[in-house]
Undergrad: 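Can you read through this structure? Questions will come right after.
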Amino acid sequence: MVTNIDLWAKSGSIILPGRDPLPFWGFSGSAGAGAQLPGPRYDVMEGESLHITLSNQLPGTTSLVLSGVEFTPQPVKDGQGRFVSYNTEAAPGGSAAYDIVAARPGVFLYQSGTAPETQVQMGLYGVIVVRPLGYDPGNPSTWSGYGPGTGTEFDVEKVLVIGEVDTAWHEEIAGGGTPSDYDPGYFTLNGRSYPATVDPDDASSQPYGSGMAAAPGQRILLRIINAGFLNHTLSLDGVTARVVAGDSWPLKTSIDTTYRKNTITLGSGQSYDLLFTAPATGKYVIYDRDLNHVVNANQFPGGIITILEVT
Amino acid sequence: MLRNVDLWTRDGFFSTPDGSSIYFWGLASREDGKAQLPGPLIVVQQGDTVRINLTNTLPEATSLLFPGQEGVTVDDGTGPRPVQPRFGPGGVLTSFTDYADYPDNPMANPTRVTYAFTPENPGTYLYWSGTNVHRQVLMGLHGCLIVRPADYDESVPARRTAYGEGTGTEFDREYVLVLAEVDPELNYNVEHGFPYRVRDYKPRYWTMNGRCAVDTMLPSGVGYLPTQPYGSMITAEPGEKVLFRYAGGGIENHPLHPHGNHTRIVGLDGRLLRNGATDLSYKRFTVLVGPGQTYDQIFIWTGLGFDPVTHPIPTVLPQLQNLAVGHAGNTLWSGSAYLGLKGDLPVGVADLNDMGEYYFMLHSHEEVQITNWGKYPGGLMTMVAVFPSGRLGERHGRIPYTESVPV
């Protein structure tokens with residue numbers, strides 16, 4: 001069976017706290033919908049074949065790569081033999097198709113493979129969650145990150161995609177320029193900066209909230225993936241989690257190499273799955289321990305902060 | 001056992017080897033004491049009832065977080081309750097935890113709060129401010145908390161451990177290295193009430209236990225560094241187990257390594273690397289010390305081919321860059337290839353070697369971090385000194401555990 005995923009690369013605008021709408025490039029999941037940050041989240045099953053069609057409505061070429069999913073990239077060179085894209089490009093107004101197999105469970109980034117240093121910063125990234133065999137969304141007893149024996153059963157799941165926004169880059173790239181001196185002033189969880197991170201999911205161009213709710217004793221699987229260019233260090237206040245997977249490789253296989261951690265650093269493209277039991281009722285802050293990332297353009301509080309509410 | 005720890009926030013100045021005197025916010029362990037960088041080392045035992053009494057004298061509210069501790073409560077005079085983040089108008093976070101207000105706040109909230117917790121896990125932890133964290137933690141409001149295992153007994157080698165008897169974490173000596181970095185211009189801005197703009201952040205100094213090299217190698221408690229009481233010189237004898245407790249107090253990554261040697265990482269963030277019978281400890285040369293994280297390691301110096309029976313001394317000469325600090329006119333090298341012997345040094349070379357001990361560097365391999373405002377040597381650098389067997393004495397590298405706040 002082949003599952004079709006249709007993506008459109010489009011320009012749009014996002015709202016960051018305390019400033020005017022900012023141009024960005026993002027993916028949308030339908031011809032009529034606007035671009036969103038991050039791109040639409042897809043849930044697929046382990047072993048599923050995916051036929052992804054990318055339609056390009058941006059002013060320049062773009063393409064798609066999936067980090068951590070095995071595929072044979074088709075690098076593109078320009079007329080002078082210079083490498084310009086990791087994978088088959090879609091011309092402006094055109095489209096390209098990619099066939100991959102979601103061979104193993106986990107959380108994977110999909111993102112632009114063309115001039116990614118600008119296009120990924122512009123917002124061309126999203127996440128595909130691959131469910132382990134046996135996972136049934138309607139049956140909580142089957143919920144786990146990586147299947148039986150991996151110690152990743154959960155009651156509540158949250159995907160947190162980390163990013164950054166350099167507003168000067170966005171304005172310059174949207175105007176056709178070539179920026180330099182990357183210096184982001186905004187830091188994002190699921191495309192939003194605090195306090196917007198704790199707002200619920202909505203239909204905006206930044207549709208995914210990062211707030212969490214659970215009951216005491218529930219098992220929470222926190223799936224963190226860094227789509228930014230910088231290192232980020234998430235710290236859990238009042239909670240010590242168990243690291244159950246790194247880069248979507250479960251750490252409990254024939255031996256249990258999971259370990260406990262209160263604070264964890266993610267480099268660009270890295271992911272960790274953290275499992276913990278919801279503590280006593282109350283609010284728990286989850287934030288970037290690189291404390292330069294808890295501001296919005298110098299203003300505290302902002303950036304990478306979200307809240308778990310246990311009730 | 002009840003452990004009361006009294007802390008006062010206070011401002012002060014700390015010194016760098018190149019002559020700077022930098023404003024900072026720190027914690028004092030006595031009401032009339034000086035602020036210190038990092039905050040006082042707190043040593044408690046697993047299962048203790050730990051009460052941290054924080055009194056604020058700074059011009060803004062402050063607080064303390066105890067990452068890795070669960071069930072922390074706060075008492076601001078109305079009885080203990082679980083700590084909670086505080087929110088201001090519009091529901092926006094004002095503090096990650098309950099805080100001690102600043103004196104003379106017209107809102108008249110208490111300037112003293114008591115946090116309490118019962119550490120369930122032994123290991124190394126950090127504590128740091130939970131209020132205006134983007135500024136206060138970097139201004140110096142952070143420190144290290146050691147939790148001794150419940151069965152800890154300093155006089156019984158099998159129970160002088162990081163994580164308890166039978167966990168493979170016995171040690172003969174132990175050293176804490178709290179790492180951080182300082183942008184003196186941002187500190188200046190705080191001193192003078194100018195805006196603190198994190199986007200201007202550009203650290204010029206990197207601190208190991210609050211000091212920049214070469215001050216890191218001075219003893220603890222030297223009188224001319226009154227706000228930086230902790231030294232970082234590591235001393236040991238061949239074959240001894242030395243516990244390194246690295247702690248990332250700042251916001252940067254710091255890749256530390258001891259030249260020519262390895263450590264075994266036995267615990268992270270105050271949690272033993274072991275699942276049941278499965279030992280998850282691992283060896284590393286360079287340990288990337290991330291912000292807010294701790295790394296407990298066992299280090300054993302066995303020398304270059306050292307074997308206590310067949311080959312009791314190292315015979316391969318170390319590289320010169322491992323022997324000198326700064327210009328080659330000063331050397332820590334003994335002049336001899338034999339541990340415990342001193343040999344001849346070239347004329348004009350100042351000898352800093354005591355008894356034929358062997359030195360090698362432990363430093364951040366991100367070399368900009370071993371400068372003081374661009375000048376090498378400085379920053380995150382210290383030495384490991386291996387003394388001849390039986391010559392070092394027991395008191396080196398023994399952190400008192402009966403006191404809550406030593407030094």
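Just so we're clear, the structure is a prediction, and the values are computed from it rather than from any experiment. Naming convention: chains lettered A, B, ... in sequence-line order (proteins, then strands); numbering from 1 in each chain. What you see below is based on every heavy atom in this structure, not just the backbone, and it leaves out hydrogens, waters and symmetry mates.
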Undergrad: Hey, which of B:Val137, B:Leu273, B:Val72 has the most heavy atom pairs under 4.5 Å with chain A?
TA: B:Val137

Undergrad: For A:Phe300 and B:His134, take the angle between the two ring planes, folded into 0 to 90°, and tell me which bin it lands in: parallel under 30, tilted 30 to 60, perpendicular over 60.
TA: parallel

Undergrad: Check whether any side-chain N or O of B:Gln84 sits under 3.5 Å from a backbone N or O of A:Lys283 as a donor-acceptor pair, and report yes or no.
TA: yes

Undergrad: Rounded to the nearest 0.5 Å, what separation is found between the CD1 atom of A:Ile264 and the CG atom of B:Leu268?
TA: 9.0 Å

Undergrad: To the nearest 0.5 Å, tell me how far A:Ser235 OG sits from B:Trp128 CH2.
TA: 4.0 Å

Undergrad: Would you mind telling me which of B:Thr278, B:Val198, B:Thr97 has the largest number of heavy-atom pairs within less than 4.5 Å of chain A?
TA: B:Val198

Undergrad: With respect to chain B, which residue among A:Val239, A:Asp288, A:Ile305, A:Val285 yields the maximal number of heavy-atom pairs within a distance under 4.5 Å?
TA: A:Val285

Undergrad: What part of B:Tyr282 is in contact with chain A, defined as an atom under 4.5 angstrom from a non-hydrogen atom: side chain, backbone, both or neither?
TA: neither

Undergrad: For the atom pair CG (A:Asn292) and CZ (B:Arg197), what is the distance rounded to the nearest 0.5 Å?
TA: 12.0 Å

Undergrad: Are the side chains of A:Thr265 and B:Pro291 in touch, meaning some heavy atoms are under 4.5 Å apart?
TA: yes

Undergrad: Taking the side chain as C-beta and beyond, is there a heavy-atom pair between B:Gln293 and A:Lys261 under 4.5 Å?
TA: yes

Undergrad: So for B:Pro67, is it side chain, backbone, both, or neither that comes closer than 4.5 Å to the heavy atoms of chain A?
TA: both

Undergrad: Can you tell me if B:Asp269 uses its side chain to pair, donor with acceptor, with the backbone of A:Asn262 under 3.5 Å?
TA: yes

Undergrad: Where is the tightest heavy-atom contact between A:Thr258 and B:Leu280, given as atom of each residue plus distance?
TA: O-CD1, 3.3 Å

Undergrad: Measure distances from A:Thr233 to the heavy atoms of chain B and classify the residue's part below 4.5 Å as side chain, backbone, both or neither.
TA: side chain

Undergrad: With no hydrogens and no angle check, is any side-chain donor or acceptor of A:Asn298 less than 3.5 Å from a backbone partner on B:Arg199?
TA: yes

Undergrad: Among B:Gly91, B:Gly250, B:Gly90, which has the most heavy-atom pairs under 4.5 Å with chain A?
TA: B:Gly250

Undergrad: Determine the minimum heavy-atom distance between B:Gly68 and A:Thr240, stating which atoms define it.
TA: CA-OG1, 3.7 Å

Undergrad: How far apart are the closest heavy atoms of A:Pro301 and B:Leu93, and which atoms are they?
TA: CG-O, 3.1 Å

Undergrad: Distance check, rounded to the nearest 0.5 Å: A:Leu291 atom CG versus B:His142 atom NE2?
TA: 11.0 Å

Undergrad: What residue in A:Val198, A:Asp290, A:Asp237 has the most heavy-atom pairs under 4.5 Å with chain B?
TA: A:Asp290

Undergrad: Among the options A:Val295, A:Leu236, A:Val294, pick out the one with the most heavy-atom pairs lying under 4.5 Å from chain B.
TA: A:Val295

Undergrad: Count the heavy atoms of every other residue, nucleotide or ligand shown that sit under 6.0 Å from CZ of A:Arg219, and state whether that count exceeds 12.
TA: yes

Undergrad: For atom CD of A:Glu172, is the number of surrounding heavy atoms from other residues, nucleotides or ligands below 6.0 Å larger than 12?
TA: yes

Undergrad: Using non-hydrogen atoms and a 4.5 Å limit, figure out which bit of A:Pro279 sits close to chain B: side chain, backbone, both or neither.
TA: neither

Undergrad: Answer yes if the side chains of A:Asp256 and B:Asn275 hold a donor-acceptor pair under 3.5 Å, and no otherwise.
TA: yes

Undergrad: Please state whether the side chain, the backbone, both or neither of A:Ile307 comes within less than 4.5 Å of a heavy atom of chain B.
TA: side chain

Undergrad: Just so I understand: if I count every heavy-atom pair under 4.5 Å between each of A:Gly303, A:Gly238, A:Pro195 and chain B, which residue has the most?
TA: A:Gly238

